[in-house]
Amino acid sequence: MAKDPGRVLIFDTTLRDGEQSPGASLNLEEKLAIAQQLARLGVDVIEAGFPYASQGDFAAVQRIAEQVGGEDGPIICGLARASKADIKACGEAIAPAPNKRIHTFIATSDIHLEHKLRKKRADVLKIVPEMVHYARTLADDVEFSCEDAARSDPEFLYEVISLAISAGASTINIPDTVGYTTPSEFGSLVEGINTNVKNIDEAVLSVHGHNDLGLAVANFLEAVKKGARQLECTINGIGERAGNAALEELVMALHVRRSYYNPFFGRKPDSPTPLTAVRTEEITKTSRLVSNLTGMVVQPNKAIVGANAFAHESGIHQDGVLKNRLTYEIVDARTVGLADNRISLGKLSGRSAVRARLEELGYDLTREDLNEAFARFKDLADRKREITDRDLEAIVSEQVMQPEARFQLHLVQVSCGTALKPTATVTLTDKDGVEQTTVALGTGPVDAVCKALDSLAGENNELLEFSVKSVTEGIDALGEVTIRLRRNGKIFSGHSADTDVVVAAAQAYVNALNRLVSSEKKNPIHPQHDVVQANL
Ligand code: KIV
Ligand code: ZN
């Protein structure tokens, strides 16, 4: 049996596999904010990125290693293909963290070997021990993954895994890269590895999986029963294509159904010891932060973090819940930190009150960021009577962490109504302070604003998604707008909040344009789609 830490280790890959979702790219400040929140959430490992991808990715992993990976903090991990250059960059990027890990991988399925890598099985058997051994010269903690393991020949997997462990890998990860497997098949694969790999007791068995058939979480839970002790997952389940296994669903399944899973850990069913180290009360906040910063909107019926997950619409349900919560509710909203949306501040609150509440909410801002957040707070307090925690979160996540802005929205003005053609006047300032104004007509006020912004930025973008959501209840609530646009096949998102949704839409569009412009400067390597030419 694989090494058993006595509970499930949560390996969060929101900043690596999650960021591989189309349109979800994050800048350095945003990655840092998410990593800090993941540390508060209590994950065991943060996969902070793929350092070889670009200078920006390297810098982000390095900053997270410097600032988030404290002595008692999470392990900071970087991804590297099985190549010396990747592994070297990874080792350098994670170096500042006291607890650090190199995660290296190579594909093991025949379909990947033949069509992607153009290698033979014998090549893989040579590369794996060499690269794991090299990684161990840079970090004591090395994880090895067999990409597309779920479609690999199990006998070949046993051989590869055994070599990786002998070369020094202390975590072996089994990915279902294309989300193809089913729970019983995946459970059997994990069981087979536990039975047939002779040195498996020297490593922790981990699983990683995508949600193409909506089975990722179910597959992982079956794997846990067969001895998997590390789960690789993302917040809100974001990730390539249909996404990765959702952290919040796994953690809450293991929390709510602890007595069912306890015996698989050699515990009595009623043992109260948690099965993960995650602080469940931080789940909602983490979900919102990731959604706001990546622009990946959470579907309302999403388990645990969707807007409807704890809403009891029907009269029958409400009656039952009022009599006894347990009739229709298996999770108390407070367990995931939902019920707490205190009205905290108002027009007369000062800077120190705002700072104190932000600190209580877990936001430790720099002086400049705090000044900016306070200015935004004052502006909002003039328009909205009571400022809630959700409002403060919207202000911080939206305004303070903008990418290095090429364009600033200076003015937006619209005229529309039953008798008017929707017309927008927009002024943008570029980074040299030069102002440009234009006027555009549209099918509606938002369309007119986007057309005006496109013409000023000299772009022709396709608006893929425009979603508006109210932050809190009430007529004076902030409206949160998320925009996704496409240019040359690439997707970019922008997010903003304002009491005026047209202003929020304009700002969200400008944020997306700024991301688009900054991404044009870099052309990051994709860890799975771009193939290593030589193992140098
Ligand atoms: O899906 C996958 O196989 C991966 C590996 C790189 C772990 O993301
Ligand atoms: Zn993946």
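Numbering of ligands and ligand atoms starts at 1, following listing order. Position 1 is the first residue of the sequence; numbering continues from there.
Ionic pairing of Arg279 and Glu282 is not present here: no N-O contact between side-chain nitrogen and carboxylate oxygen is shorter than 4.0 angstrom. A salt bridge links Arg241 and Asp212; the closest N-O separation between the charged side-chain nitrogens and carboxylate oxygens is under 4.0 Å. Using a cutoff of 4.0 Å between basic side-chain nitrogens and carboxylate oxygens, Glu130 and Lys84 are not scored as salt-bridged. Of the charged side-chain nitrogens involved, at least one lies within less than 4.0 Å of a carboxylate oxygen, so that Lys116 and Glu147 count as a salt-bridged pair.
Annotation: protein N, O or S atoms under 2.8 Å of the Zn ion (ligand 2) (waters excluded) comprise Asp17 OD2, His208 NE2, His210 NE2.
There is a side-chain donor-acceptor pair under 3.5 Å between Ser152 and Thr108.
Proximity to Asp17 (heavy-atom distance under 4.0 Å) selects the following atoms of ligand 1: 8 (O).
Not a single N or O atom of His103, backbone or side chain, sits closer than 3.5 Å to an N or O atom of ligand 1. Checking only distances, His208 does come within under 3.5 Å of ligand 1, N or O to N or O. The shortest N or O to N or O distance between Ser145 and ligand 1 is not under 3.5 Å.
With a heavy-atom cut-off of 4.0 Å, Thr177 touches ligand 1 through backbone and side chain alike. Of all the heavy atoms of His210, the ones lying under 4.0 Å from any atom of ligand 1 belong exclusively to the side chain.
Applying the ring-ring contact (aromatic ring centres under 6.0 Å, His included) definition to pairs two or more places apart or across chains, none involves residues 131-165. Applying the side chain to side chain donor-acceptor pair (under 3.5 Å) test to residues at least two apart or on different chains, none of the pairs has a partner in residues 70-80. Applying the ring-ring contact (aromatic ring centres under 6.0 Å, His included) test to residues at least two apart or on different chains, the pairs with a partner in residues 78-118 are Phe11-His103.
Between the choices His112, Gln528, Arg16, Glu147, the shortest heavy-atom distance to atom 7 (C) of ligand 1 belongs to Arg16.
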Test log, rule side-chain contact (heavy atoms from CB on, under 4.5 Å), inputs Glu480 and His495 = CA-CA 7 Å; Glu480 268 181 327; His495 175 89; 3.6 Å; yes
